[in-house]
Number of protein chains: 2
Amino acid sequence: MNIGQAAEAAGLPAKTIRYYEEIGLIKPGRNANGYRAFTAKDIHNLAFLARARALGFSIEDCRALLALYEDTSRASADVKRIAQRHLDEIEAKILQLREMRDTLANLVDACRGNHRPDCPILASMSGGRTDT
Amino acid sequence: MNIGQAAEAAGLPAKTIRYYEEIGLIKPGRNANGYRAFTAKDIHNLAFLARARALGFSIEDCRALLALYEDTSRASADVKRIAQRHLDEIEAKILQLREMRDTLANLVDACRGNHRPDCPILASMSGGRTDT
DNA sequence: GCTTGACCTTCCAGTCACAGGAACCACTAA
DNA sequence: TTAGTGGTTCCTGTGACTGGAAGGTCAAGC
């Protein structure tokens with residue numbers, strides 16, 4: 001299977017697949033003409049990576065998860081630890097974004113949005129409090 | 001005022017302030033010895049930038065907001081438009097992260113996290129559905 | 001006057017996860 | 001033969017900094 005079909009099958013851009021090979025996430029074989037040759041297992045691993053990335057795992061987490069996936073003597077505790085840490089980071093990010101959103105929503109709401117220059121948004125960023 | 005005190009006053013690392021000058025966000029003067037010389041207005045603008053960045057505005061948004069801030073004949077509608085667009089992006093990001101979190105929380109919850117290899121997290125990323 | 005240490009300068013490299021594009025090679029159909 | 005599609009490598013750019021090297025400047029203490 002060439003990279004085009006592999007990309008189609010895994011739902012990843014060919015560019016991304018080349019990048020994953022470059023950083024050693026996958027190691028497809030090569031045809032005589034120099035083209036990458038993807039096996040069904042390669043495709044499966046690429047799809048695994050695509051799903052892990054869609055869940056927001058970093059490339060290094062993906063590397064670790066894929067290694068665990070291929071290690072049938074793994075302990076699920078190792079997988080869970082990685083996932084839990086990532087989940088904590090997502091929660092933290094959500095909290096941070098919610099604070100931004102609440103502040104910003106208040107400011108946008110307070111701004112008349114007309115032709116006049118007075119603006120609570122600018123006032124807030126210029127020394128006013130950011131939470132009103 | 002040297003960059004150290006400016007950093008202290010604005011709540012930004014000196015490195016960041018140099019970077020802001022490099023990309024033309026601020027234009028502090030120079031002393032005879034080559035050191036940057038920050039006026040009270042420079043400090044004020046830096047603090048403005050720090051607050052805008054803390055609200056998640058991109059550097060280019062910050063550039064536009066600072067220009068509007070310094071333009072006393074601005075229309076608050078221009079400010080509001082930038083803020084509203086940013087707010088929309090934050091909302092979208094929150095929704096995306098919430099989906100990740102919900103999926104991931106279910107998976108983490110379902111994983112025993114013991115010494116055995118069976119793991120719903122890996123099962124999900126290996127072709128199972130991501131929403132269970 | 002000299003040294004020490006804190007502070008300043010510029011410049012270069014690295015981060016993360018790719019994306020865009022140039023220049024070139026391989027294969028297929030008409 | 002030619003055109004078109006798809007593959008290859010290599011280099012650059014992204015955002016917003018951060019770390020570090022190599023060196024200049026200043027104030028204080030001896």
Side-chain angles (χ1 to χ4, degrees), chain A residues 1-39 42-43 45-46 48-66 85-86 89-90 93 96-97 100, chain B residues 1-38 42-43 45-46 48-66 82 85-86 89-90 93 96-97 100:
Chain A
M1 221 180 196
N2 286 347
I3 200 169
Q5 288 118 39
E8 177 80 11
L12 286 172
K15 276 273 187 193
T16 299
I17 296 178
R18 290 197 192 93
Y19 173 67
Y20 286 175
E21 185 194 22
E22 186 190 334
I23 63 173
L25 269 188
I26 53 164
K27 304 182 201 335
R30 295 282 176 150
N31 287 325
N33 59 11
Y35 287 16
R36 289 170 184 80
F38 294 86
T39 64
D42 290 327
I43 305 296
N45 282 355
L46 282 172
F48 180 98
L49 290 169
R51 279 185 284 258
R53 290 288 299 137
L55 285 175
F57 285 101
S58 72
I59 288 286
E60 287 317 304
D61 278 350
C62 288
R63 193 190 301 274
L65 290 170
L66 191 55
R85 186 174 40 69
H86 179 46
E89 287 167 7
I90 290 177
K93 190 82 186 174
Q96 185 198 354
L97 285 176
M100 280 185 191
Chain B
M1 221 181 196
N2 285 348
I3 200 170
Q5 288 118 41
E8 175 82 11
L12 286 172
K15 276 273 186 191
T16 299
I17 296 177
R18 289 196 193 95
Y19 172 67
Y20 286 175
E21 185 194 23
E22 186 189 333
I23 62 173
L25 268 188
I26 53 163
K27 302 180 201 337
R30 296 280 177 152
N31 286 325
N33 58 12
Y35 287 15
R36 288 170 183 81
F38 294 85
D42 290 326
I43 305 296
N45 283 356
L46 283 172
F48 180 99
L49 290 169
R51 277 185 286 259
R53 290 289 298 135
L55 285 175
F57 285 102
S58 72
I59 289 285
E60 287 317 305
D61 277 351
C62 287
R63 193 190 300 276
L65 289 170
L66 190 55
I82 293 173
R85 186 174 41 70
H86 179 45
E89 288 167 5
I90 289 177
K93 189 84 186 171
Q96 186 198 353
L97 286 176
M100 279 185 194

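Here the structure is a predicted model, which means the values were calculated and not measured.
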request  = Would you indicate which nucleotide in C:dT10, C:dG21, D:dT8 comes nearest to any side-chain atom of A:Lys15?
outcome  = C:dG21
Phosphate OP1/OP2 of D:dG7: any A:Arg36 side-chain N/O under 4.0 Å = no
key: Residue-phosphate contact under 4.0 Å: A:Thr16 side-chain N/O, C:dA17 OP1/OP2   = no
note = To the nearest angstrom, the CG-P distance between A:Leu55 and C:dA17 comes to 15 Å
task = Taking only the side-chain heavy atoms of B:Arg53 (C-beta and beyond), determine which of D:dA16, C:dC11, D:dT25 contains the nearest atom.
result = D:dA16
ask   = Could you state the CG-P distance from B:Asn31 to D:dT25, rounded to the nearest angstrom?
value = 13 Å
ask   = Over how many whole Å does the gap from A:Glu8 atom CD to D:dG7 atom C1' extend?
value = 16 Å
query = Within the pair B:Arg63 and D:dG15, is there a side-chain N or O less than 4.0 Å away from OP1 or OP2?
reply = no
Where at least one partner belongs to residues 3-15 of chain A, residue pairs that pass salt bridge (charged side-chain N to carboxylate O under 4.0 Å, His left out), sequence neighbours excluded = none
query = Would B:Arg36 and B:Arg30 count as a side chain to side chain contact (heavy atoms under 4.5 Å, CB included) if you check the C-alpha gap in whole Å, the side-chain angles of each, and the deciding distance to 0.1 Å?
reply = CA-CA 4 Å; B:Arg36 288 170 183 81; B:Arg30 296 280 177 152; 3.3 Å; yes
request  = Using a strict 4.0 Å threshold on nitrogen-to-oxygen distance, state whether A:Glu22 and A:Arg18 make a salt bridge.
outcome  = no
ask   = Expressed in angstrom and rounded to an integer, what is the separation of B:Met1 atom CE from C:dC7 atom C1'?
value = 15 Å
request  = Before giving the answer on side chain to side chain contact (heavy atoms under 4.5 Å, CB included), spell out for B:Arg85 and B:Asp61 the whole-Å C-alpha distance, their side-chain angles and the decisive distance to 0.1 Å.
outcome  = CA-CA 10 Å; B:Arg85 186 174 41 70; B:Asp61 277 351; 3.2 Å; yes
key: Whole-Å distance separating the CD atom of A:Gln5 from the P atom of D:dT5   = 16 Å
request  = Provide, to the nearest angstrom, the distance between the CZ atom belonging to B:Phe57 and the P atom belonging to D:dG15.
outcome  = 17 Å
key: Position toward the 5' end of DNA chain D (nearest nucleotide), B:Ala32 or B:Ile59   = B:Ile59
inquiry  = If you define the side chain from C-beta out and look only at heavy atoms, does anything of B:Asp42 sit under 4.5 Å from B:Met1?
reply    = no
query = Is any side-chain N or O of A:Asn33 closer than 4.0 Å to OP1 or OP2 of C:dC25?
reply = no
ask   = Got A:Leu25 and A:Tyr19 here, is their nearest side-chain heavy-atom distance under 4.5 Å?
value = no
key: Nucleic acid contacts of residues 18-29 of chain A, taken as heavy-atom distances under 4.0 Å to DNA chain D   = A:Arg18
key: Sidechain-backbone polar pair: A:Asn31 side chain, A:Asn33 backbone, donor-acceptor under 3.5 Å   = no
ask   = For the side chain of A:Ile3, counting heavy atoms from C-beta on, which of D:dT8, C:dT10, D:dC26 is nearest?
value = D:dT8
ask   = Once you round it to whole Å, what is the distance between P of D:dG6 and CD1 of A:Ile17?
value = 15 Å
ask   = Pick the nucleotide of DNA chain C nearest each of A:Leu12 and A:Tyr35; which residue has the one closer to the 5' end?
value = A:Leu12
